[in-house]
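Here is the structure we will look at.
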Amino acid sequence: MNKNNFARLLCLSVFASATLHAVSLKDSVEKVLSSNPEIIAEKNNQEAFRKYIDEREANYYPRLDVDGRLEKSNSNKNYDQPNSNNLADGSDQEDGYNFGIALNQMLYDGNLTPSQVREAKFNNLANKYRTERNIDNVVYETITAYTGLVQYNELLNLTNEMILTNEDNYQTAKEKESISGEVLETYQVESKLNFVKEKYLEEKDLKASKIDTFKRYVGIEPDGSECRPKIDISKIPNNLQQLVELAVLKNSEILEQIERVKAQREKIAQADSKFLPNLSLELKALTDSDLSLNEQGVENQAFGRINLAWNLYNGGGDHAVSKQEELFLAEQKERLDAITNKIVESVKVTYQRFEKNKERIDVLKGYVSANENIVEVYKSEFESGTRTFVDILDAQTVLYEAKKSLVIREFELYRNYYDLLNTLSMLTPTVSDPKNSVCSENKAALTTIVSEQKNAVKNENKNRDLRTLLGDTPAPVAKQEVSEDVSKALAEDTKVKEETVKKVASTNTNIDSLLNAQEGYYTINITTTEGINSAKSYVASNGLNSQDSFVYPFGPDMKSAKVVYGIFKSVKDANIAIESLPASVKASKPYVDNVVKHKNLYYKYHK
């Protein structure tokens, strides 16, 4: 028994030492990014695709051609009737040269070249998103191998601990057998010991496969010092709607298909360019010695001309090509819808599993804790004679299985987390973040994940790009960078639900005018400030009419505030009002916004 206790202590010491000098996930991913052949190939492919843009842009520049020839010839003449028409047999010799230089410049080609340049740029972006997705997939496989190694290291430690426990139990059973002659408990302990040993061998085999995968991607053998990576829960929005919107905005597969649609539009423009004329400038100079003048001297020639080429009819072929490209465009749009639906489904399924696994981990923690208490109580009752040795064996086995289930479920949550990051196309930058350069301080890093997420929501600094588009993120007054087009699109897509809310105290006596404005009316989104006092100061310092200005707080703890101006029946009226705003206000780039959007934002935080 002392020998087994020493073995336990040795295992714990080795594990603790390895943790202090552990290789983090970030280290492994950085090595993959710098040396993995698949990733290097994708980066080379990106560089090659950029050259297509240079190739297309070359058509903007003039073409300079040089041609020439040096000639020496001899012609023998044998006439059938040499004396008629003063013809005589003989031979002619010519030697000389011809040299010319020509410059051709495209003046107009029906917008073909600009369209080809734009297509090349769109295709380059599409390829960039495709290769980044492939790189993320390699990183994902590396992460899977790395976390698999950590998981099986923990499972092997757990199983080895159970083997040592059962070896202790076996010694105890043998002692009882020597006293009472009862061999049943010895057989039972031996059975459980062999069962756990078989599990140990199975886990070692599974770990070996993870080692091979790790070596394939990272290029080196793992040294056994791998550790649980940190989870940045703030990267995951705290509700499904925000997560879906973020995935649609950032997923590389969707972004790639958007660029494919844009490139296909350019192919239609290129097909339509066939219906337009082509104009080109040609300048040429040449010199000829004894060739064109039959050994009579030198001829120099120079000319310039503008060439016009315009096909008026070719049997309807160009029209057919144009219609064909329009059908291809419709195909690409349908593919975009299908990809978007697939990504949305994937995000929803993974997020639901992520949330369920957090709940299951909490339940399993309680299950493990309860079984630990059961084992201790059974040991106490065994010493007092009210429990049998078999009861302890069964309780220890249940505890072992419970701990295994907890470890497996925690690493399943890791997989859900990295699946979500991969779908959001945030996997590589998140894992490469300097904050993730060290291992988790807590072996059971995920046991407090729910509370971590709650803290992250309170101090949320996540999803800033999307929340800015929705108008929910404070920004410096003079540097607000809200995308008008995206903001309008999101506002128009939002379902407006009429709700009955309680009347609350407002920081502006005119806020009711905004809240009671008819659906379909517009306002001017001026800016977002840090707090309601800053919003009021902004209105006063910029000379805005207090009766037409509306300010209201929103966001967690009401730390942010909106400044909007006026209520208008049409976008035209609102744009006219923008022109009359003070220059200091126009510097903040105010834009026309839907009133209903601000109603929804107000009611969201004033219930």
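Keep in mind that the numbers below use all heavy atoms, side chains included, and drop hydrogens, waters and symmetry copies.
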Side-chain (Ser580) to main-chain (Ala577) donor-acceptor, under 3.5 angstrom: yes
Assess whether a salt bridge exists between Lys26 and Glu30, defined as any Lys/Arg side-chain N lying under 4.0 Å from an Asp/Glu carboxylate O. yes
I need the Asp27 CG to Glu226 CD distance, nearest 0.5 Å. 10.5 Å
How many angstroms lie between atom OH of Tyr522 and atom CG of Asn594, to the nearest 0.5 angstrom? 6.0 Å
For the pair Glu259 and Lys128, find out whether any cationic side-chain nitrogen is under 4.0 Å from an anionic carboxylate oxygen. no
Is the closest side-chain heavy-atom distance between Asp433 and Thr430 below 4.5 Å? no
Working to the nearest 0.5 angstrom, can you tell me the gap between Asn525 CG and His598 NE2? 4.0 Å
Side chain Thr523, main chain Gly566, donor-acceptor under 3.5 Å: yes
Minimum heavy-atom distance between Leu581 and Pro590, given as atom pair plus value: CD1-CG, 4.1 Å
Within a 6.0 Å radius of atom NZ on Lys572, are there more than 12 heavy atoms belonging to other residues, nucleotides or ligands? no
Parallel, tilted or perpendicular, as decided by the 30° and 60° cut-offs, for the rings of Tyr552 and His606: perpendicular
When rounded to the nearest 0.5 angstrom, what distance separates CG in Asn137 from OG1 in Thr131? 11.5 Å
Drop me the distance from Leu424's CG to Ile236's CD1, to the nearest 0.5 angstrom. 6.0 Å
Evaluate the side-chain proximity of Arg50 to Gln46: yes if any heavy-atom separation is below 4.5 Å, no if none is. yes
Would one find more than 12 heavy atoms of other residues, nucleotides or ligands at under 6.0 Å from atom OH of Tyr52? no
Could you go through the ring-ring contact (aromatic ring centres under 6.0 Å, His included) check for Phe411 and Tyr414 one step at a time? CA-CA 5 Å; Phe411 280 92; Tyr414 267 117; 5.4 Å; yes
Where the side chain of Gln264 meets the backbone of Glu325, is there a donor-acceptor pair that is under 3.5 Å apart? yes
Using a 3.5 Å distance criterion without hydrogens, assess whether the side chain of Thr529 forms a donor-acceptor pair with backbone atoms of Gly531. yes
Got a second to check how far Arg118's CZ is from Arg265's CZ, nearest 0.5 Å? 12.0 Å
Looking at Tyr538, is its backbone amide N or carbonyl O close enough to the side chain of Ser541 to form a donor-acceptor pair, meaning the two atoms are under 3.5 Å apart? yes
Are Glu119 and Arg56 within salt-bridge range, i.e. N to O under 4.0 Å? no
For Lys333, is there an ion pair with Asp337 - N to carboxylate O distance below 4.0 angstrom? no
I'd like to know if the side chain of Tyr565 pairs up with that of Asn545 as donor and acceptor (distance under 3.5 Å, no hydrogens or angles considered). no
Expected output: side-chain Ser369 to main-chain Lys365 donor-acceptor under 3.5 Å: no
Evaluate the side-chain proximity of Tyr367 to Leu406: yes if any heavy-atom separation is below 4.5 Å, no if none is. no
Exercise: do Tyr418 and Thr147 side chains pair donor with acceptor under 3.5 Å: no
Ser252-Glu132 side chain donor-acceptor pair, cut-off 3.5 Å: no
Any donor-acceptor N or O pair under 3.5 Å, side chains Gln241, Glu245: yes
Will you find, in the side chains of Gln116 and Glu266, an N or O donor that is under 3.5 Å from an N or O acceptor? no
Would you confirm whether Ser432, through its side chain, and Pro429, through its main-chain N or O, come within 3.5 Å as a donor-acceptor pair? no
Is a donor on one side and an acceptor on the other found under 3.5 Å between the side chain of Lys559 and the backbone of Glu530? no
Any side-chain heavy-atom pair from Asn134 and Arg130 closer than 4.5 angstrom? yes
Criterion salt bridge (Lys or Arg N to Asp or Glu O under 4.0 Å) on Arg133 and Asp136, from CA distance to verdict: CA-CA 5 Å; Arg133 186 170 70 256; Asp136 277 347; over 6 Å; no
Would you say the side-chain atoms of Ser273 and Asn111 include a donor-acceptor pair closer than 3.5 Å? no
Can you name the nearest heavy-atom pair linking Cys227 to Ser24, along with the distance? SG-CA, 4.5 Å
Is a salt bridge present between Arg360 and Glu412, judged by a nitrogen-to-oxygen distance below 4.0 Å? no
Heavy-atom distance under 4.5 Å between the side chains of Leu514 and Tyr521, does that happen here? no
Run Lys43 and Glu47 through salt bridge (Lys or Arg N to Asp or Glu O under 4.0 Å) and show every step you take. CA-CA 6 Å; Lys43 291 179 179 179; Glu47 290 295 327; over 6 Å; no
What I want to find out is whether Glu331 reaches Arg335 closely enough, with some N-O distance under 4.0 Å, to be called a salt bridge. yes
Between Lys358 and Glu355, does any NZ, NE, NH1 or NH2 come within less than 4.0 Å of an OD or OE carboxylate oxygen? yes
Check: Asn36 side chain, Glu38 main-chain N or O, donor-acceptor pair, under 3.5 Å: yes
Tell me the closest heavy-atom pair linking Leu544 and Pro582, and the distance in Å. CD2-CD, 4.2 Å
State whether the side chain of Asn251 and the backbone N or O of Thr423 hold a donor-acceptor pair below 3.5 Å, judged by distance alone. yes
